[in-house]
Novice: 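Mind having a look at this structure? Questions to follow.
The structure presented is a predicted model; accordingly, all values stated were derived computationally and were not measured. Quick note on labels: first sequence line is chain A, next is B, and so on, each numbered from 1. Because only heavy atoms are used, hydrogens play no part in the values below, and waters and symmetry mates are left out as well, while side chains stay in.
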Amino acid sequence: MANHSKAKRGIPPKSDFNSWYPAIVEIADLVDKRYPIKGMDVWKPYGLSAMNLIDQLARGEMLRTGHQEYRFPLLVPEALLDKENRLVSRLKAAREAGVDPSELRLDEEESGFKKEVYWVTHGGENKLEIPMFLRPTSETPMYTMFSLWVRSHADLPLKTFQIVNTFRYETKQTRSFIRVREIHFFEAHTVHADQHGADMQIQEDAEMVQRIMHDLCLPSLVSQRPVWDTFPGAWYTKAADVVMPNGRTLQVATYHHYRDQWAGAFDLSYEDPNGETQMCHQTTFGMSERLLGAVVGMHGDDKGLVMPPSIAPFQVVVMPVASHSDGNVIPAVQALAADLNASGLRATVDSRDVRPGVKHYDWEIKGVPIRVELGPRDLKSSKCVATLRTGGKVEIDLDEAPAKIRQMLLGISDELRNRANSLVSDLVQEFPIENLDSKDNLDSIIDEGIVYEIAFDGNDSDAEFLERKTGLTLLGECDDPFAEPRECLVTHNPTTKKQYIARMY
RNA sequence: GGGCCUGUGGGUUAGUCUGGUCUAUGCUUGUUGCUUUGGGAGCAAUAGACCCUGGUUCGAAUCCAGGCAGGCCCA
């Protein structure tokens with residue numbers, strides 16, 4: 001058909017995910033990528049609206065769990081970075097040497113961090129005596145202040161969060177929402193009296209991640225990152241990864257247990273009830289616009305986006321049909337939308353003077369969960385026709401519309417979860433061979449579009465062997481181990497440690 | 001980190017190899033008007049581009065260098 005491509009507004013098939021993704025974010029009007037700086041897209045109203053709704057989910061969790069919202073400055077003086085770099089390089093050296101960090105002296109080694117930040121070196125025409133950088137994350141500025149705020153055990157726990165933009169000078173290929181240079185970022189930082197307090201916080205973080213992922217209808221793999229992939233300064237790092245349709249995993253949330261390692265570097269201590277000075281224990285929990293990237297990638301299809309109802313900027317679009325032939329249509333449509341909005345749904349009216357087909361296609365591309373048509377025919381029978389983005393059309397009574405539609409949205413969420421789960425279960429597979437003999441040629445065995453589940457309990461060099469051999473990256477150890485011990489893929493020791501290897505974004 | 005490719009109206013595309021025919025092609029989109037309107041309507045008019053800087057040349061969208069931007073592959 002000549003207008004085949006036109007019929008889909010030039011959307012490549014989703015089976016070609018690497019072309020589909022960058023196309024759909026622009027066609028669905030989430031962002032405009034033409035701003036002339038690499039990795040810095042312009043957020044358009046529709047995309048921003050969805051992102052704001054994701055932020056609201058995070059904010060809701062924060063308030064529910066007693067965190068308070070702050071906003072710290074964007075600029076950080078270089079001197080503070082030095083403090084952090086010393087901590088990071090000390091821990092890194094300790095890790096490499098396999099010794100306790102406290103046994104190492106502070107050295108002046110410069111970490112690679114400096115290369116990844118944007119520097120502000122001038123104020124007007126004057127060169128700044130102390131250069132400043134744009135936060136890549138906010139540990140440094142926040143902990144500087146925390147050490148002023150926390151003095152007594154009564155000040156703890158301190159549970160904070162902020163939703164801000166952070167900056168990273170990415171040199172690799174950038175991708176909307178997935179790898180960008182200006183990152184819309186959520187970060188929660190907490191301070192506790194002891195390790196137990198921080199342990200509990202990590203548990204709470206895990207629950208919050210699960211709740212948010214549920215709202216977004218996204219299944220995720222949670223694992224503890226290997227030591228070498230642990231956030232600088234952290235005792236351990238846990239991460240939630242979403243499996244994208246091309247088999248690559250996307251890290252969408254992380255939470256770090258710092259123990260008292262950062263507290264040492266930033267002099268974060270308090271007086272306990274006995275009047276003794278104690279070091280604080282800390283955690284952080286971070287998420288970003290990658291959540292939106294995951295939603296786009298996971299739920300979208302050949303026809304466009306599919307928005308989960310929880311973050312759909314419009315959950316329902318009401319479209320008048322043949323309103324020119326019946327003056328009652330427009331008022332009825334407006335009344336219906338008002339009804340839906342009054343019942344707490346996000347509904348809008350598309351009263352553009354275009355053909356109905358155009359409206360359907362437009363909102364289909366944008367992934368609106370339910371499109372409602374209302375025309376003269378329906379008015380006679382007091383009904384309207386609802387079309388689901390996930391498929392199907394139903395006639396519903398006008399007086400029951402809000403309740404029915406609310407129910408249908410729940411059904412759509414369930415359907416999206418089912419679809420996502422079945423996609424992921426296709427993409428996550430057991431490793432095809434029992435052990436990695438170095439003679440094996442794995443090219444014909446490894447499928448780069450698959451996430452492999454393996455038994456692995458090796459050390460750094462075993463992991464390096466594994467990664468080099470397979471060309472995949474180790475995500476880390478899962479929370480749910482195998483029920484029965486299995487043979488480790490590399491060491492051949494029996495283990496219940498379940499791990500995933502995949503190509504990561 | 002290493003290598004490769006690309007840059008033409010808002011989008012997409014012809015032209016680039018082999019400099020002059022380009023005062024730059026088609027489709028789409030935008031705007032205006034009329035007719036239309038239950039899943040992408042039609043006709044007409046109109047608007048709109050050679051990434052930037054430098055070089056070679058009588059002459060550059062086309063060749064060369066650098067920059068910026070985008071994409072791909074490998075580590």
Novice: Do A:V394 and A:V385 have side chains that get closer than 4.5 Å, going by heavy atoms?
Specialist: no

Novice: For a quick test of reading the model: is some side-chain N or O of A:R355 closer than 4.0 Å to OP1 or OP2 of B:G38?
Specialist: yes

Novice: Write down the partner of B:U23 under the Watson-Crick or G-U wobble criteria, each distance required to be under 3.5 Å.
Specialist: none

Novice: Pick the C1' atom in B:G59 and in B:G19, then give their distance to the nearest Å.
Specialist: 8 Å

Novice: Nearest to the side chain of A:E364 - B:G39, B:A69, B:G38?
Specialist: B:G39

Novice: Counting side-chain heavy atoms from CB outward, which of B:U37, B:G39, B:G10 is closest to A:D353?
Specialist: B:U37

Novice: When the C1' atoms of B:A24 and B:U8 are compared, how many Å lie between them, rounded to an integer?
Specialist: 9 Å

Novice: Taking the side chain of A:T387 as heavy atoms from C-beta outward, which of B:G39, B:G38, B:G1 is closest to it?
Specialist: B:G39

Novice: Is there a donor-acceptor pair closer than 3.5 Å between any side-chain N or O of A:D41 and the backbone N or O of A:W43?
Specialist: no

Novice: For B:G20 versus B:C74, give the span between their P atoms, rounded off to a whole number of Å.
Specialist: 38 Å

Novice: Please pick, from B:G10, B:U36, B:G39, the nucleotide with the shortest atom-to-atom distance to any side-chain atom of A:R371.
Specialist: B:G39

Novice: Has A:R389 got a side-chain atom pairing as donor or acceptor with A:K366's backbone, closer than 3.5 angstrom?
Specialist: no

Novice: Roughly how far apart, to the nearest Å, are B:A41 and B:C4 at atom C1'?
Specialist: 46 Å

Novice: Is the shortest distance from a Lys or Arg side-chain nitrogen in A:E364 or A:R371 to a carboxylate oxygen in the other one below 4.0 Å?
Specialist: yes

Novice: Between B:U12 and B:G7, how far apart are the P atoms? Round to whole Å, please.
Specialist: 13 Å

Novice: Determine the Euclidean distance between corresponding C1' atoms of B:G9 and B:G15; express it in Å to zero decimal places.
Specialist: 16 Å

Novice: Taking atom C1' in both B:U57 and B:A65, compute the distance separating them and give it to the nearest angstrom.
Specialist: 16 Å

Novice: Check each of A:R503, A:R225, A:R248 against A:D241 using the salt bridge (Lys or Arg N to Asp or Glu O under 4.0 Å) test, and report the only one that passes.
Specialist: A:R225

Novice: Hunt down the Watson-Crick or G-U wobble partner of B:U46, both distances under 3.5 Å, from any strand shown, or write none.
Specialist: B:G30

Novice: Now, which nucleotide makes the Watson-Crick or G-U wobble pair with B:C17, with each of the two distances under 3.5 Å?
Specialist: none

Novice: For A:E187 and A:S138, indicate whether the former's side chain and the latter's backbone hold a donor-acceptor pair under 3.5 Å.
Specialist: yes

Novice: Between atom CG in A:D32 and atom P in B:A69, what is the gap in whole Å?
Specialist: 16 Å

Novice: Reading nucleotides 70-75 of chain B 5' to 3', which nucleotides get B (base under 4.0 Å from a protein heavy atom), which S (sugar-phosphate only), which -?
Specialist: SSS---

Novice: Taking atom C1' in both B:C17 and B:A60, what distance in whole Å separates the two?
Specialist: 15 Å

Novice: Who does B:C4 pair with, Watson-Crick or G-U, both distances under 3.5 Å?
Specialist: B:G71

Novice: Please name the nucleotide paired to B:U56 by Watson-Crick or G-U wobble geometry with both distances under 3.5 Å, or report none.
Specialist: none

Novice: Check whether A:Q315 reaches the backbone of A:R346 with its side chain - one donor and one acceptor, N or O, closer than 3.5 Å.
Specialist: yes

